[in-house]
Amino acid sequence: MVALRVAGLEKSFGSVTALSEMSFAVESGELFGFLGPNGAGKTTTIGILTGRLTPDAGEVSVLGTDPTTEPVETRRRVGILPEQQSPPSFLTPREYFEFVGSIRELEPDTVSARVDTWADRLGFASKLETLHTDLSRGQQQKVMITQAFLHEPDLVFIDEPLVNLDPLVQERVKAFLLEYVDRGHTIFVSTHNVDVAEAICTRVGFVADGTCRIVETASNSGGLREQFLAYVETTDSEDVPTLKDEGSSPVPRH
Ligand SMILES: Nc1ncnc2c1ncn2[C@@H]1O[C@H](COP(=O)(O)OP(=O)(O)OP(=O)(O)O)[C@@H](O)[C@H]1O
């Protein structure tokens with residue numbers, strides 16, 4: 001079953017073309033990686049998939065909803081870990097999770113049990129009653145990861161899930177993501193981190209220059225990093241690493 005699908009997406013901001021004929025689909029149960037350099041169009045695509053942005057053209061479907069016409073319904077059904085967003089500074093993690101739980105229509109006992117599990121998993125039990133403003137960046141990231149999964153949605157969008165986390169917690173998050181898709185849920189991960197994509201994703205969409213090319217990580221023989229850098233070289237993206245000096249052959253663009 002298809003969890004999400006975009007077809008022919010176009011999006012410009014003034015004279016800047018952010019997306020150009022972006023098309024791909026993600027099946028239920030996939031851990032799909034969206035891998036691209038700065039400015040490739042990843043955040044813009046997630047913004048459209050979660051109803052925050054409206055495309056100039058193209059079709060989009062998320063769990064059978066259309067986020068361009070029914071954004072509230074789409075957001076009700078998914079979890080979102082936005083890029084570089086902090087929890088409210090004036091709340092503690094426990095207060096914030098109670099707030100998120102009420103919006104997500106969860107029973108207080110369910111919220112409490114899930115928060116305890118997440119606090120143990122990511123190691124922030126001692127910080128549950130501390131104002132967010134007094135938490136480190138990594139501790140705030142743990143809170144943001146928890147809120148995205150609190151209602152155990154069928155589909156979760158996560159932007160750079162491991163940023164600011166220490167290596168031990170990174171391993172725990174990666175293990176959780178794999179377990180979550182094993183249970184039949186779908187995860188869409190946007191990242192710059194090729195190693196993370198290669199380690200956990202079933203398929204990867206290389207994003208560059210506002211468009212996307214799908215690569216199967218399981219049958220990937222040439223090394224994801226080399227393929228990715230070679231792909232980016234074939235686009236018009238600026239400020240990206242080059243492999244030309246190392247004698248690699250670019251992968252032809254689809
Ligand atoms: N609100 C906006 N106004 C003008 N230009 C924008 C806006 N949002 C995005 N852009 C431009 O659209 C392009 C795609 O940006 P986007 O944020 O989607 O990239 P990204 O892949 O998420 O990048 P990064 O990895 O650096 O976060 C960039 O050229 C960016 O400058």
Side-chain angles (χ1 to χ4, degrees), residues 4-26 31-60 62 67-68 71 74-75 78-86 137-138 140-141 144-145 148 155-165 170 173 177 187-201 203-215 217 224-225 227-243 251 253-254:
L4 68 89
R5 189 177 72 84
V6 301
L9 276 194
E10 307 274 345
K11 180 70 179 175
S12 293
F13 298 98
S15 60
V16 177
T17 302
L19 303 182
S20 174
E21 292 187 42
M22 172 77 75
S23 299
F24 60 88
V26 175
L31 209 172
F32 183 83
F34 210 43
L35 188 64
N38 295 129
K42 303 181 297 296
T43 304
T44 303
T45 305
I46 291 183
I48 292 170
L49 285 165
T50 56
R52 185 176 57 80
L53 293 172
T54 308
D56 299 332
E59 291 172 12
V60 50
V62 175
T68 60
T74 303
R75 282 198 288 265
V78 305
I80 307 171
L81 173 59
E83 186 186 32
Q84 293 184 347
Q85 197 158 311
S86 307
R137 287 296 313 157
Q140 292 185 20
Q141 179 71 359
M144 293 306 292
I145 291 170
L155 170 62
V156 186
F157 293 96
I158 48 182
D159 212 338
E160 295 295 357
L162 305 183
V163 70
N164 296 316
L165 300 179
Q170 288 191 19
V173 172
L177 298 180
I187 298 179
F188 184 100
V189 185
S190 171
T191 184
H192 307 113
N193 191 324
V194 184
D195 294 331
V196 170
E198 193 158 40
I200 64 173
C201 292
R203 283 193 312 146
V204 168
F206 288 166
V207 195
D209 202 19
T211 192
C212 175
R213 169 177 172 253
I214 302 296
V215 174
T217 43
L224 199 65
R225 180 179 301 277
Q227 286 188 40
F228 173 62
L229 294 178
Y231 170 67
V232 169
E233 272 193 6
T234 66
T235 72
D236 296 330
S237 296
E238 297 172 358
D239 303 329
V240 293
T242 176
L243 286 179
V251 174
R253 196 170 172 183
H254 64 114

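Numbers for residues simply follow the sequence, beginning at 1. Both counts, for ligands and for their atoms, begin at 1 and track the order of listing.
- Scanning Ser12, Gly39, Gly210 for the heavy atom closest to atom 24 (P) of ligand 1 points to Gly39.
- Inter-residue side-chain proximity for Pro67 and Arg75 is flagged as unmet; no heavy-atom pair is nearer than 4.5 Å.
- Which of Lys11, Glu160, His192, Lys42 comes nearest to atom 20 (P) of ligand 1 through a heavy atom is settled by distance: it is Lys42.
- Closest protein heavy atom to atom 17 (O) of ligand 1: Thr43 CB, 3.6 Å.
- Residue contacts with ligand 1: Thr44 is placed with a nitrogen or oxygen under 3.5 Å of a nitrogen or oxygen of the ligand (distance criterion only).
- No part of Ser190 comes within 4.0 Å of ligand 1, judged by heavy-atom distances.
- Between the side chain of Gln170 and the backbone N or O of Leu165 there is at least one donor-acceptor pair closer than 3.5 Å.
- Aromatic ring orientation, Phe34 versus Phe24: tilted (interplanar angle from 30° to 60°).
- Residue contact annotation: Gly36 has no non-hydrogen atom under 4.0 Å from ligand 1.
- Not a single heavy atom of Gly14 lies less than 4.0 angstrom from ligand 1.
- Note that atom 30 (C) of ligand 1 has no protein non-hydrogen atoms nearby, at separations under 4.0 angstrom.
- The side-chain contact (heavy atoms from CB on, under 4.5 Å) test with Val189 is passed by exactly one of Asp159, Val156, Leu81, Ile158: Ile158.
- Screening Thr45, Leu19, Ile48 against Leu53 for a side-chain contact (heavy atoms from CB on, under 4.5 Å) leaves a single residue, Ile48.
- Looking only at protein heavy atoms, the nearest one to atom 26 (O) of ligand 1 is Asn38 ND2, 2.9 Å.
- Within the structure, ligand 1 has Glu83 among the residues with a heavy atom less than 4.0 angstrom away.
- Remark: Thr50 engages Ile46, Arg52, Ile80, Phe157 in a side chain to side chain contact (heavy atoms under 4.5 Å, CB included) (not counting sequence neighbours).
- Ranking protein heavy atoms by distance to atom 12 (O) of ligand 1, first place goes to Ala18 CB, 3.4 Å.
- Side-chain contact of Ser86 with Arg137: a donor-acceptor pair under 3.5 Å is present, judged by distance alone.
- Not counting sequence neighbours, the partners of Glu83 by the side chain to side chain donor-acceptor pair (under 3.5 Å) test are Thr43.
- The nearest heavy-atom contact from the protein to atom 2 (C) of ligand 1 is Phe13 CD2, 3.4 Å.
- Below 4.0 Å from some heavy atom of Pro37 lie the following atoms of ligand 1, by number and element: 21 (O), 25 (O).
- Using a 4.5 Å cut-off on side-chain heavy atoms (C-beta onward), Leu4 and Phe32 make no contact.
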